[in-house]
Protein chains: 2
Amino acid sequence: MLKLSTKGQYGVRAMFEIARRHPGEPVAIKEIAARQDVSVAYLEQILNTLRKSGLIASVRGPGGGYLLSRQPEEISIGEILRSLDGPIALTACQDPMEGCVRADGCVTSLLWKALGEKIEGFLDAMTLRDLLTGNSIKQKQKDLYGHKYASGEAQKAGQQMFFEKTGKAGA
Amino acid sequence: MLKLSTKGQYGVRAMFEIARRHPGEPVAIKEIAARQDVSVAYLEQILNTLRKSGLIASVRGPGGGYLLSRQPEEISIGEILRSLDGPIALTACQDPMEGCVRADGCVTSLLWKALGEKIEGFLDAMTLRDLLTGNSIKQKQKDLYGHKYASGEAQKAGQQMFFEKTGKAGA
DNA sequence: ATAATACTCTACTAATATTGTCAAGTATTT
DNA sequence: AAATACTTGACAATATTAGTAGAGTATTAT
Ligand code: FES
Ligand code: FES
C-alpha cells in the first residue's frame, strides 16, 4: 500500500542526475536514460513536466540537455513529486479538489490529515542537496526527529507545518 | 499521489465502529454498513480479512456480530492497514517481496526507506484508543514530535524504529 | 544550407490494481 | 425449522499506471 508511482521515482532519480553536474554542462536525456535504465520516451514525458513546473530548464541543439533552474538545496523532493503526481491526497476527503461534507464529524479525518502533513513535511524538508551529500539523510532524520533542521528550505516545512497549516482539507 | 485504498479507509472506520462499543455487545455488520455508508457485501470482505488477521472475532447467530480481539489501545492503525492492503512499500525496491540488487548503490533507496519508516512509525503508534478519545490525536502528534509517547504500544513504534529497524529492504 | 542532434508534444494502448457486486453456502440461536 | 448473521470465492466494472509511438520543432556545427 501507499505506493509511489514510477513516474515520481524516475523523476527524482532524473533530477538527481541533473543535480550531480550542477553547475555545469547540460545533461542529455540520453545520458540520464542510460544511467537510470529508463526509456528515453518515458523520460521525455517526465522531464517535460518538470520543465513546465519550472524546476529545470532545457538547452536545445547539439551539446544540449537539461539544467537545474535553482540551486539543489532549493529544490525539494516534495516539489518534484507534486509536479509529477499531483498533490498528496491520502484519501478523497483530503484531496483539495474533492473535499468532504462530513469532514467535521469524521474521526479518521484528523488522522489522515495528520499523516499527510507528516509525509509532506518530510518530503518538503528533503532537498536535492541532501541527496547529493548522501550520508546526510540519516543526519537529517535525526535532526527532524530531534526538533531541529539542517538546511535552509527545511525550516518552512517542519514544526510550523504540523500545527499551523490547516487550510488544506477545509474546503 | 500516495493514495490510501478505500478498503483500508473503510477498514479503519469499521474497526472504529466496533471499538466504540467495546467492551459490550457484538456489532452487526449491517449496523456498520449503515453508519459508514458502505455496502454490506464489501464490508463482509473487509471484516473477513480482519478476522483472519486476528484483530476481531465474530459471533454468529441472532444478536451476533463482531468484537475486538484485543483492547483498543493494543490495536494500531498500522496493523489494520497492513492486514487489508499488505505492507507499506513505497517503491518496488522497498518491497520485502521484491527487493533490489542495486539497493546499495542507489541514493534514493535511503530516502524511501526513511520515509516508509516514518509513515509506519506514525501508523503503528496510533491506536484505536486514540481514535476513540478523538482529541488526543493532536496531543499525540505533539508527543511524537517532542520525542515522547503517550500510549502503551507506541513505545515499540517510535524512536527505536527510526534507527534500528533496518532489516526491511535488505532482502 | 543542411544534416545531425536534441528537445517538444499529443495520442494511444497494454497491463495492473482497485472497487465493488453477486450468489450460494455454513453456522447459531430462538 | 425458521430467522439471523457470518463465510467464501468468483467475477465484472472502472480507474490508474506505465510505457510506447511517432510526428514535429528548434539549434548548432560544418
Ligand atoms: S468521510 Fe470525509 S472526512 Fe471522513
Ligand atoms: S533502484 Fe532499487 S534501491 Fe534504487
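Bear in mind the structure is a predicted one, so any value in this text is a computation, not a measurement. The basis for the numbers below is simple: all heavy atoms, side chains too, and nothing from hydrogens, waters or symmetry mates. Chain letters run A, B, ... following the sequence lines, proteins first and then strands; every chain starts at 1.
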Atom-pair distance (CG on Leu43(A); P on dA21(D)), nearest Å
15 Å

Separation of dT19(C) P from Met1(A) CE (nearest whole Å)
13 Å

With respect to the phosphate group of dA18(D), does any side-chain polar atom (N or O) of Tyr10(A) fall under 4.0 Å of OP1 or OP2?
no

Is it true that Met1(B) and Leu2(A) fall in one hydrophobic cluster, defined by side-chain heavy atoms closer than 4.5 Å?
yes

Return the value, rounded to whole Å, for the distance between atom CG of Leu67(B) and atom C1' of dC6(D).
13 Å

Could you grab the distance from atom CZ of Arg20(A) to atom CD1 of Ile32(A), nearest 0.5 Å is fine?
11.0 Å

By side chain to side chain contact (heavy atoms under 4.5 Å, CB included) - contacts of Ala89(A) (at least two apart)
Asp95(A)

Nearest 0.5 Å, please: how far is CD1 in Ile29(B) from CD1 in Ile18(B)?
8.5 Å

Is any side-chain N or O of Ser39(B) closer than 4.0 Å to OP1 or OP2 of dT21(C)?
yes

What string of B, S and - do you get for nucleotides 7-13 of chain D, 5' to 3', if B is base contact, S is sugar-phosphate-only contact and - is no contact with any protein heavy atom under 4.0 Å?
BB-B---

Nucleotide dC7(C), atom P - distance to CG of Leu50(A) in whole Å
14 Å

Hey, what do you get for SG (Cys106(A)) to CD (Gln36(B)), rounding to the nearest 0.5 Å?
7.0 Å

Grab the NZ-P distance between Lys7(A) and dT20(D) for me, whole Å please.
13 Å

Report the distance from atom OH of Tyr42(B) to atom C1' of dG20(C), rounded to the nearest whole Å.
6 Å

5′-ward residue of the pair Gly65(A)/Leu4(B) relative to DNA chain C
Gly65(A)

Under 4.0 Å, heavy atoms only, any strand: does Lys30(B) hit a base, just the sugar-phosphate, or nothing?
nothing

Name all pairs fulfilling the ring-ring contact (aromatic ring centres under 6.0 Å, His included) condition that reach into residues 6-61 of chain A, sequence neighbours left out, sorted by first residue then second.
Tyr10(A)-Tyr42(A)

Measure the distance from CD1 on Ile32(B) to P on dA5(D) and round it to the nearest whole Å.
12 Å

Under 4.0 Å, heavy atoms only, any strand: does Val59(A) hit a base, just the sugar-phosphate, or nothing?
sugar-phosphate

Just how far is it from atom CD1 of Ile88(B) to atom CG of Asp124(B), taken to the nearest 0.5 Å?
7.5 Å

Roughly, in whole Å, what's the span from CD1 in Ile46(A) to P in dT20(D)?
11 Å

Ignoring backbone atoms, test whether Ser5(B) places a side-chain nitrogen or oxygen under 4.0 Å from the OP1 or OP2 oxygen of dA17(C).
no

